[in-house]
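First comes the structure, then the notes that go with it.
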Amino acid sequence: MSDNQEYLAKRQLKGGTAGWILLAGLGVSYVISGDFAGWNFGIAEAGWGGFAIAAILMAVMYLTLVLSLAEMSAAIPAAGGGYSFARQAMGPAGGYLTGLAVLIEYALAPAAIVIFIGSAVQELLGFNGPWVYAVFYLVFVGIHLAGVGEALKVMMVISGLAVLAIIATAVVLVANFDASNLYDVAVTDAAGASEFLPLGWYGVWAALPFAMWLFLAVEGVPLAAEEAKNPAKDVPKGIIGAMIFLLFTALMVVVLVPGVGGAAAMGASAVPLVDALKVTGNESLATIVNILGLAGLVASFFSIIYGYSRLVFALSRAGYLPRALSITTSRKVPARALIVPAIFGFVASLSGEGDLMLAMAVVGATVSYALMALSHILLRIKQPELARPYKTPGGVFTSGIALLLSLIALTGVYAFDPRAFLFTMGLFVIGAAYYFGYSSKRLVAKNADEEFAMLAAAESDLTLAN
């Protein structure tokens, strides 16, 4: 076995553990907490009509992006997801910058979510603080260390409880829906303001980051490609299936919750589903949904930990990050890629600024979306001969829509919180300096094809050895 093959033999994930249903469940799990809270603050920025426009735009952005990712994940089934696609299309620097953007999103989102989990624990049990954050990180990183198959099954159960809560809420709310409740936000003197757009067109722009919360992180499904049973078929079916389901849940909460609880009240609510149920007099169900809302937060926290570990693993295995982070255990779990970012996330959670970290995660996300959509376009132009088991409907026109809307969404974060935008750009500068000053000279392979060939050879050697 060559040195390169020996190196990669120590960095293997467990293939064949996830079918498309588990992958779809992973996609839903990434996002489901966003249905319970966060999105509704966009109503405060734009009124219901303005937020509805923002939500439709972001739904189109995510749908076109998902269709583009489905093609690339089938053609390039690597654990790095968007980073791997960008590396193939734009070379090492483009791959790294895309991976860095996703890493910022996936490292900060769990830190923000665990703060929200702490608030939920405070509401239910009466205590909160760093010990709560630490326990959740320890328990759920520990489950991941047990193995990917076990982790994904636990995630499916938790996500199922959260989905059940949303559907039960919708069934109750639909009987109490009143369209007039959607338009109870006072009309301002902003440009373009009306009863439908009470805060004008600027409000639509500022509401885009909150609309993203209905779908944020679904793009992480391809990070599981190396552990899928049949990546070329399972990953496209999984990510598209997850997106279709999330469109359904988004429609339910965006229309029914303010249509019962009132747009003005829901725009300021920390627990909009719960507060809308209380308006109907269903106190018992409201309490149950409050508890299951915690399950939704845990599902997203749990699954995004999985996502960042696979991204760190892929970046480390390729030499972009310290190589020690990609060594896997006897269970083929990237333990260090799970533990080290968890420590950073825990430290970040001690700030208590969940809203700021979420806004920063959205900046990282939108940058990565633009780069991934661009990768799809470039791969169609530069590598038309690349085997594509699944092809994006509409081709580069579809990915072009995703590119344009992602750039618009990026500016929306600046409209809402310039501080988050500038802080995230600072992280990009630091990450870029690390690459161009250090790791670019220490990559394992010259290009993605070479790395994939080395990985295939290492897998073959392991198969023969067993």
Side-chain angles (χ1 to χ4, degrees), residues 20-43 48 51-67 109 113 116 155-177 182 207-221 237-261 263 266 269 271-277 285-286 288-304 358 365:
W20 78 267
I21 293 176
L22 265 184
L23 293 175
L26 175 64
V28 172
S29 182
Y30 278 135
V31 182
I32 199 66
S33 65
D35 281 332
F36 285 89
W39 62 269
N40 55 301
F41 297 133
I43 296 176
W48 184 82
F51 180 72
I53 293 172
I56 290 170
L57 288 172
M58 293 300 91
V60 171
M61 180 187 77
Y62 274 97
L63 181 59
T64 52
L65 179 68
V66 159
L67 292 173
I113 292 171
F116 301 148
M155 175 215 68
M156 284 285 282
V157 172
I158 299 171
S159 299
L161 292 172
V163 168
L164 183 63
I166 293 172
I167 293 173
T169 300
V171 169
V172 172
L173 295 184
V174 73
N176 295 271
F177 177 78
L182 300 174
L208 291 174
F210 298 101
M212 286 179 62
W213 197 229
L214 294 163
F215 311 104
L216 185 72
V218 68
E219 75 279 359
V221 172
K237 287 171 67 176
I239 193 171
I240 293 172
M243 186 64 205
I244 291 171
F245 187 82
L246 291 167
L247 287 169
F248 174 64
T249 58
L251 180 64
M252 285 195 296
V253 297
V254 170
V255 175
L256 294 178
V257 171
V260 173
M266 295 303 96
S269 173
V271 281
L273 275 68
V274 174
D275 287 344
L277 285 169
L285 181 58
I288 294 171
V289 169
N290 203 11
I291 294 169
L292 294 181
L294 177 58
L297 287 168
V298 169
S300 292
F301 177 72
F302 186 51
S303 55
I304 295 175
L358 271 184

[X] [atom1] to [Y] [atom2] distance, which is reported to the nearest 0.5 Å:
{"X": "I56", "Y": "L63", "atom1": "CD1", "atom2": "CG", "value": "13.0 Å"}
{"X": "L182", "Y": "I43", "atom1": "CG", "atom2": "CD1", "value": "8.5 Å"}
{"X": "L256", "Y": "L251", "atom1": "CG", "atom2": "CG", "value": "7.5 Å"}

For the pair [X] (side chain) and [Y] (backbone), establish whether a donor and an acceptor sit closer than 3.5 Å, ignoring hydrogens and angles.
{"X": "N40", "Y": "G38", "answer": "yes"}
{"X": "S303", "Y": "A299", "answer": "yes"}
{"X": "T64", "Y": "M61", "answer": "yes"}
{"X": "T249", "Y": "L246", "answer": "yes"}

Evaluate the side-chain proximity of [Y] to [X]: yes if any heavy-atom separation is below 4.5 Å, no if none is.
{"X": "V254", "Y": "F51", "value": "yes"}
{"X": "M156", "Y": "I21", "value": "yes"}
{"X": "V66", "Y": "F215", "value": "no"}
{"X": "L216", "Y": "Y62", "value": "yes"}
{"X": "L22", "Y": "L26", "value": "no"}
{"X": "F36", "Y": "V271", "value": "no"}
{"X": "I240", "Y": "L67", "value": "yes"}
{"X": "I32", "Y": "I166", "value": "yes"}

List the atom of [X], the atom of [Y], and the distance in Å for their closest heavy-atom pair.
{"X": "S33", "Y": "I113", "answer": "OG-CD1, 4.4 Å"}
{"X": "S269", "Y": "D275", "answer": "OG-OD2, 2.6 Å"}
{"X": "L358", "Y": "F116", "answer": "CD1-CE1, 3.2 Å"}
{"X": "M266", "Y": "P272", "answer": "SD-O, 3.5 Å"}

* **From N290, V257, L292, residue fulfilling side chain to side chain contact (heavy atoms under 4.5 Å, CB included) relative to L273** => V257
* **Whether over 12 other heavy atoms sit under 6.0 Å from F177 CZ** => yes
* To do: Using the side chain to side chain contact (heavy atoms under 4.5 Å, CB included) rule, take I239 and L23 through it: C-alpha gap first, then chi angles, then the decisive distance, then the call.
  => CA-CA 7 Å; I239 193 171; L23 293 175; over 6 Å; no
